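A short worksheet on the structure shown next.
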Amino acid sequence: MTAAVDEPFDALLAGRAGHLHRDDGVVVPMDAGRWRATAGPADTWVLDRCSGPVVDLGCGPGRLVAALADRGVTALGVDTSPVARTLCRRRGAPMVRRNVFDPLPGEGTWAHVLLVDGNIGIGGDPVRLLGRAVALLAPGGTVLVETGPQPGEWWCGTVRTCADGTLGEPVPWACVGAAALHAHAPGAGLRVSEVARAGGRCFTELVAV
Ligand SMILES: C[S@@+](CC[C@H](N)C(=O)[O-])C[C@H]1O[C@@H](n2cnc3c(N)ncnc32)[C@H](O)[C@@H]1O
């Protein structure tokens, strides 16, 4: 496996309290408790839009993969983290431990790609990541993206995870608001089909054109 990151999220995935430190000094809260829990009411908007096979990029402990399986929807998680793999196995959520930019099962056949819990930040280049998502999709498939709280934000740089006061190594990351995502989506071959707020979180559904 080739990892673009040095498993920087492991400590947070393992349950330690923390956040992200951006290289511009901004602190980004991380709700690792939500990752480790079962899917909650705010996740329902995403789950309801998954009618065919789903690949969850940066799946963490696999709460969305498990919830989809409970609904009878085929789902696969992808994550570089060994902690994520252990937690996925524990709850019976199918996952592969792999970098999202490496070859994945079912390239070009997935009905939906998930980029939830800030995962539009993976790799630090959101247009490249969205292009990767499009390559995974079957024609007409959708990408379901959770965006940040500031609509116009389009920040790309490096972050360090901070877990119980211990800083990790810098990794490329991005923070993206809804309006900025919508402006950049056509550059990745996507158009906006729906936007929603649920439980204080923001979501966009993008369709491959
Ligand atoms: C912000 S956390 C989101 C966790 C997750 N969505 C959940 O519900 O638990 C980001 C996740 O993406 C994973 N990740 C980061 N970069 C990755 C990459 N290049 N390929 C695959 N997974 C990656 C991390 O290991 C971590 O589990």
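The figures that follow rest on heavy atoms only: side chains count, while hydrogens, waters and symmetry mates do not. Given the structure is predicted, the values throughout are model-derived calculations rather than measurements. Order of listing sets the numbers, starting from 1, for every ligand and every atom in it.
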Between ligand 1 and Ser81, is the shortest N or O to N or O distance under 3.5 Å?
no
Numbered atoms and elements of ligand 1 in range of Val116, under 4.0 angstrom, heavy atoms:
6 (N)
Side chain proximity check, Leu144 to Val113, heavy atoms < 4.5 angstrom:
no
In a table with atom names and distances, give each donor-acceptor pair under 3.5 Å that connects a side chain of residues 69-76 to protein atoms at least two apart or in another chain.
residue: Arg71; atom: NH1; partner: Leu47; partner atom: O; Å: 3.4
residue: Arg71; atom: NH1; partner: Asp48; partner atom: OD1; Å: 2.9
residue: Arg71; atom: NH2; partner: Asp48; partner atom: OD1; Å: 3.1

Contact (N/O only, under 3.5 Å) between Leu13 and ligand 1:
no
Report yes if some heavy atom in the side chain of Leu104 is under 4.5 Å from a heavy atom in the side chain of Arg132; otherwise report no.
yes
Does Cys59 have a heavy atom less than 4.0 Å from any atom of ligand 1?
yes
Considering only heavy atoms of Arg63, which atoms of ligand 1 have at least one such atom less than 4.0 Å away?
7 (C), 8 (O)
Does Pro61 reach ligand 1, in the sense of a heavy atom lying below 4.0 Å from it?
yes
Nearest heavy atom to atom 20 (N) of ligand 1, choosing from Ile122, Asn119, Asp31, Val100, belongs to Val100
Could you tell me if any non-hydrogen atom of Arg98 lies under 4.0 Å from any atom of ligand 1?
yes
Would you kindly specify which portion of Phe9 sits under 4.0 Å from ligand 1, judged on non-hydrogen atoms: side chain, backbone, both or neither?
side chain
Leu181 side, atom CG; Trp154 side, atom CH2 - distance, nearest 0.5 Å:
6.5 Å
Measuring only between side-chain heavy atoms, which start at C-beta, is Asp23 closer than 4.5 Å to Pro170?
no
Under a 4.0 Å N-O cut-off, is there an ion pair linking Asp117 with Arg63?
yes
Which heavy atom of Gly62 sits nearest to which heavy atom of Arg91, and what is that distance?
C-NH1, 3.5 Å
Look only at interatomic distance and state if Met30 has a nitrogen or oxygen under 3.5 Å from any nitrogen or oxygen of ligand 1.
no
Taking the basic N atoms (NZ, or NE/NH1/NH2) and the acidic carboxylate oxygens, is any pair closer than 4.0 Å for Glu7 and Arg85?
no
Counting heavy atoms under 4.0 Å, the part of Thr80 that contacts ligand 1 is both
Compare Val96, Leu129, Asp79 and give the one whose heavy atom is closest to atom 13 (C) of ligand 1.
Asp79
Where's the contact between Leu12 and ligand 1, heavy-atom distance under 4.0 Å: side chain, backbone, both or neither?
neither
4.5 Å side-chain heavy-atom contact, Val116 and Trp35
no
